Amino acid sequence: MEGYNFKEVEEKWKKKWKEQKGFKAIDFSPKPKYYVLTEFFGVSGKGIHMGHVKANVPTDVIARYKRLKGFNVLYPVGWDAFGLPTENYAIKTGEQPEKVTEVNIENFTKQLESLGMSYDWDRQFSTSDPKYYKWTQWIFLQLLKHGLAYKKRGVVNFCPNCKTTLSNEDSQNGECDRCHGKVEQRERDVWYLKMTDYADKMLQDHEHCDFPEYVKAMQRNWIGKSEGAEVDFAISNTDKKLKIYTTRPDTLFGVTFMGIAPEHPLLNELQDKILNINEIKEYQEQVKNKTSFDRLVGKDKTGVKIEGVYAINPINNKQIPIFIADYVMMGYGTGALMAVPAHDGRDYEFAKKFNIPIIEVIKGGDIEKEPFVGDGELINSDFLNGQNVEQAKQTMIKYLEQKGIGTKKTNFKMQDWPFNRQRYWGEPFPVVICKHCGYVPLPESELPLKLPKIEDYKPDDNGDSPLAKAKDWVNCKCPKCGKDARRETDTMPNWAGSSWYWLRFLDPHNDKEFVSQDKLKYWGAVDLYTGGDEHVTRHMLYASFWHHFLYDIGAVPFEYPFKKRLCNGLVLGADGNKMSKSLGNVVDPMDILTPYGADAFRLYTMFSGEYDQNSIWNEQGIKGCVKFINNVWELPKLMTNEDKISEKHEVLLNRLIKKIEDSIENFTHNTAISDMMIFVNTIKQDGFITKEELKEFLIILNPFAPFITSEMFEKVFKDDILQQQFPTYNKDKLLENEIEIPVQVNGKVKGTIKIALNEEQNSVIEKAKNLLNLKETLKEIYVPNKIINLIVKK
RNA sequence: GCUGAAGUGGCGGAAUAGGCAGACGCAAGGGACUUAAAAUCCCUCGGAAAGAGAUUUCCGUGCCGGUUCGACCCCGGCCUUCAGCACCA
């Protein structure tokens, strides 16, 4: 054979695979099924980036491997086209989002084919296709029907740059997930999805799915479950109550002030009673002008004492001053807290600043110096005295419930999901706003409610949705009373379409149901779901929520969508920083693929680092993989006429098969590739390879380097490598008949001896003693076929 | 602060049932081939010391201690780095 011409070979096989559709998943095939999925592609750019390669090549390897192992593999591809990322890209390039989506998908497709991805292309869809979003809208209607979607005026995150409402998940760190600008708090009409109803179920998800430890931790953190009590404090000279949430009901005797959030509605209700109402209003204004980010970063406690009213501690009738303070968040608990400075850091700081008394109720610290948050004996607490913290909590909750002044309560940090965006490029809400009937769901028969085409789709400065401009579309009749009505002009967020897409891949062309029950039963949950860890507290939680809901209404037969989740690391620029245009360290995958070829690129992506760790891009390193590919190409020159596996290579090949299987299953591809390099190096050294050996090696290598192996298999064996079986290994042939083991004296290696496999212990010990001329030993430790340790007097 | 993970050559990284630390690859140095370069091939490549030399000895997986015949691996205590969350009551 001539030197390897990867350009020609890759071009040939790319075409062939496309024509043959060789990677189709077969519904209801009797073979065992395997469903592997990597998060589908956002089409917010012209083409793939390095991260896509690192994330997707390993799942292509496992898909190809499982096919060779006889599985019916579902490995689909799709496009997450709706939403801010694509729309912002369209605005930037001055195109229509629809056009941008189309062009970018075409480009992605070409590039992914060049990489050798073995997708079942016939199942692809885009979330912006009406045939798909019909069913996204349908799911929304089910949520509405079951009381899990509701519209309410609320204070939400708003990005002034993207000009739209955002969820908490979309504005982590007070930053817009898309443009990284600061997020503001604004009061708006919000469609909420009642995600908190599923918080407890979501905490159980790790029982259904094998998650990495840190992913579990991140989700636990984000959901933020805490247990405590709600307690009502009466307000002086009124019939009003101030409801607070606390995780420390045991410290109720130590309360010395109350804190309420600046947005708390009680302030309005008590206007007439508050003596310093002007001062309070001024403070509220100040806080409003701070962004939520400033409020978090400026940790210096601020607040104002409310004059004229005070709270009454329900367990001892003490008068407690009330402060308005911006360290109290309206969005958590009841927006009000009881402050126990002796045993809480923030309350302590506030009390010191405003000269509020501090009452110690748990023994164990020095509250003159610092707050004490540990466990200890309750003091100054009447009937709780002498108990420890845990006992006191239980006692107090019982007491509160008996007296009717409080209840046990669980709280979550996670909030309901603000689900509407004031943007054009998203799923329209299948809801009509009628003056007489309120929010009326569209009948399911009218789905999909198509997104109208409008010329100027850009978001509005005052935060009105661009869809309001499509008058013909907006004005409609109420499905209930038939009178004039308007459509909802906000659209769904970019996370809507991705919250159920793995189900649609099972049955992508069904126009009767979102997915058929038969196919759901056949394919079941995704066996392996991979993607970035930026999604574990966003997409993964939304996906879990929707799926639990669909399960509860009987629409899907399994409780959690994924059986195993892995997260890939990032590819960092050569300078160790995240790749970004502004740093000029971006590498375009096509600039690697073109000069080195897809096989070498695929290998290097997996060889140069661990799957779940970040790796720093270093173009030099790819040379080793190019050499390896060229060496593989030369192997037929060393081929003998022997059909069987040679005695010399039997163990070598058996071990290779076992190691590759383990590596693919465990996602440690770097060692798999190094093992294959060792195999080729050994063959070169030995100077021969039998027909059968070459055949098996090419099949083993095929999932990693599909192009060269397909070509070689066809050339040498006149057959299609995709139709072969992955070789199996013989457990008894993993060790040579003669092996070398180290000899230790007192735990230090002093030399090696050759022994027969499973040689008699006494004979091994004799050999070891002879090697070192040792007569007397205190003890010999022999680990069969591994090591021998001789213990002698020092 | 809370939660999670990780510390091994110049670099990426091997070595989990506790058993020869540094596989495989990159970079570097030396040599062969070449008019030259690229490509290719061969050798060296953790540190220190001894020897003309094959070689030998000692030290070495963030630090200190422990368990063990034997520890990168297990246990206890520190240090450092990274990631996520963070005025969540």
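Computed from a predicted model, the values in this text were never measured in an experiment. Convention: sequence-line order gives letters A, B, ...; per-chain numbering from 1.
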**Complete:** Walking RNA chain B from its 5' end, the first of A/Gln172 and A/Tyr245 to be reached, judged by nearest nucleotide, is A/Gln172
**Asked** Do any N or O atoms from the side chain of A/Asp612 and from the backbone of A/Cys567 form a donor-acceptor pair under 3.5 angstrom?
**Response** no
**Message:** Can you check the distance between B/G25 and B/A50, where both ends of the measurement are the P atom (answer in whole Å)?
**Reply:** 34 Å
**Message:** Whether A/Tyr332 contacts B/A89 is assessed here as follows: a side-chain N or O lying under 4.0 Å from the phosphate OP1 or OP2. Is that the case?
**Reply:** yes
**Prompt:** Touch check for A/Lys659, heavy atoms < 4.0 angstrom, all strands: base, sugar-phosphate only, or nothing?
**Reply:** nothing
**Request:** Give a yes/no on whether any side-chain N or O of A/Gln613 is located under 4.0 angstrom from OP1 or OP2 of B/A6.
**Result:** no
**Request:** Establish, with yes or no, whether the OP1 or OP2 oxygen of B/C58 is under 4.0 angstrom from a side-chain nitrogen or oxygen of A/Lys748.
**Result:** no
**Spacing of A/Phe253 atom CZ and A/Met396 atom CE [to the nearest 0.5 Å]** = 4.5 Å
**Message:** Would A/Lys301 and A/Phe350 count as a cation-pi pair here, with the cationic atom under 6.0 angstrom from the ring centre and within 45° of the axis?
**Reply:** no
**Prompt:** Does the side chain of A/Trp222 come under 3.5 Å of the side chain of A/Glu169 through a donor N or O and an acceptor N or O?
**Reply:** yes
**Asked** Which part of the nucleic acid, if any, lies within reach of A/Lys216 when heavy atoms closer than 4.0 Å are counted: base, sugar-phosphate only, or nothing?
**Response** nothing
**Item:** A/Phe323 CZ - B/A89 C1' separation (whole Å)
**Value:** 17 Å
**Distance, rounded to the nearest Å, where A/Tyr214 contributes OH and B/G4 contributes P** = 15 Å
**Request:** Could you measure between the two C1' atoms, the one in B/A38 and the one in B/A32, and give it in whole Å?
**Result:** 16 Å
**Request:** With C1' as the reference atom in both, quote the distance from B/C45 to B/A27 in angstrom, rounded to an integer.
**Result:** 11 Å
**Asked** Taking the same atom, C1', in B/C79 and in B/C11, what whole-Å distance lies between them?
**Response** 25 Å
**Item:** Gap in Å between the two C1' atoms, one belonging to B/U16 and one to B/C33, rounded
**Value:** 46 Å
**P spacing across the pair B/U44 / B/G22, given as an integer number of angstrom** = 15 Å
**Asked** Which whole-number value in Å describes the distance from A/Arg220 CZ to B/U3 P?
**Response** 10 Å
**Request:** In whole angstrom, give me the gap between the P atoms of B/G84 and B/C20.
**Result:** 37 Å
**Request:** Check every strand shown and say whether A/Asn681 touches a base, only sugar-phosphate, or nothing at a heavy-atom separation below 4.0 Å.
**Result:** sugar-phosphate
**Message:** Looking at A/Lys216 and A/Glu213, is any side-chain nitrogen of the basic one under 4.0 Å from a carboxylate oxygen of the acidic one?
**Reply:** yes
**Request:** Could you run through RNA chain B and flag its stems, i.e. three or more consecutive Watson-Crick or G-U pairs with both distances under 3.5 Å?
**Result:** B:1-7 with B:79-85, B:10-12 with B:24-26, B:28-32 with B:40-44, B:46-50 with B:55-59, B:62-66 with B:74-78
**Request:** Using a 4.0 Å cut-off on protein heavy atoms (strictly under), produce a 5'-to-3' string for nucleotides 14-22 of chain B with B for base contact, S for backbone-only sugar-phosphate contact, and - for none.
**Result:** S----BB--
**Asked** Out of B/A86, B/G84, B/A89, which nucleotide sits closest to the side chain of A/Lys413?
**Response** B/A86
**Request:** Using the C1' atom on both, measure B/A15 against B/G46 and round to a whole Å.
**Result:** 16 Å
**Message:** With syn defined as a glycosidic angle within 90° of 0 and anti as the rest, where does B/G9 land?
**Reply:** syn
**Fill in**
To the nearest angstrom, the NZ-C1' distance between A/Lys409 and B/A89 comes to 14 Å
**Asked** Can you name the closest pair of heavy atoms from A/Lys409 and A/Tyr245 and give their distance?
**Response** O-CE1, 3.6 Å
**Request:** Of all the heavy-atom pairs spanning A/Ser663 and A/Thr671, show the shortest one and how long it is.
**Result:** OG-OG1, 3.5 Å
**Request:** Using a cut-off of strictly less than 4.0 Å, decide whether A/Lys627 has a side-chain nitrogen or oxygen near OP1 or OP2 of B/C26.
**Result:** yes
**Item:** Whole-Å gap separating C1' (B/C26) and CH2 (A/Trp617)
**Value:** 12 Å
**Request:** Check the side chains of A/His535 and A/Glu39 for a donor-acceptor pair under 3.5 angstrom, ignoring hydrogens and angles.
**Result:** yes
**Asked** Could you give the CG-to-C1' distance, from A/Asn746 to B/C58, as a whole number of Å?
**Response** 16 Å
**Item:** Rounded interatomic separation in angstrom, taking CG from A/Leu572 and C1' from B/C11
**Value:** 15 Å
**Message:** Without decimals, in angstroms, what is the distance between A/Glu349 CD and B/G1 C1'?
**Reply:** 12 Å
**Fill in**
Assert: residue with more 5' nearest nucleotide on RNA chain B, out of A/Leu337 and A/Glu213, is A/Glu213
**Prompt:** Short question: side chain of A/Asn785, backbone of A/Leu757 - any donor-acceptor pair under 3.5 Å?
**Reply:** no
**Asked** Any Lys/Arg nitrogen of A/Asp344 or A/Arg248 sitting under 4.0 Å from an Asp/Glu carboxylate oxygen of the other?
**Response** no
**Request:** Check every atom of B/C24, B/A89, B/C69 against the side chain of A/Ile678 and return the nucleotide holding the closest atom.
**Result:** B/C24
**Message:** Can a donor-acceptor pair be found, under 3.5 Å and without considering hydrogens, that links the side chain of A/Asn630 to the backbone of A/Gly3?
**Reply:** no
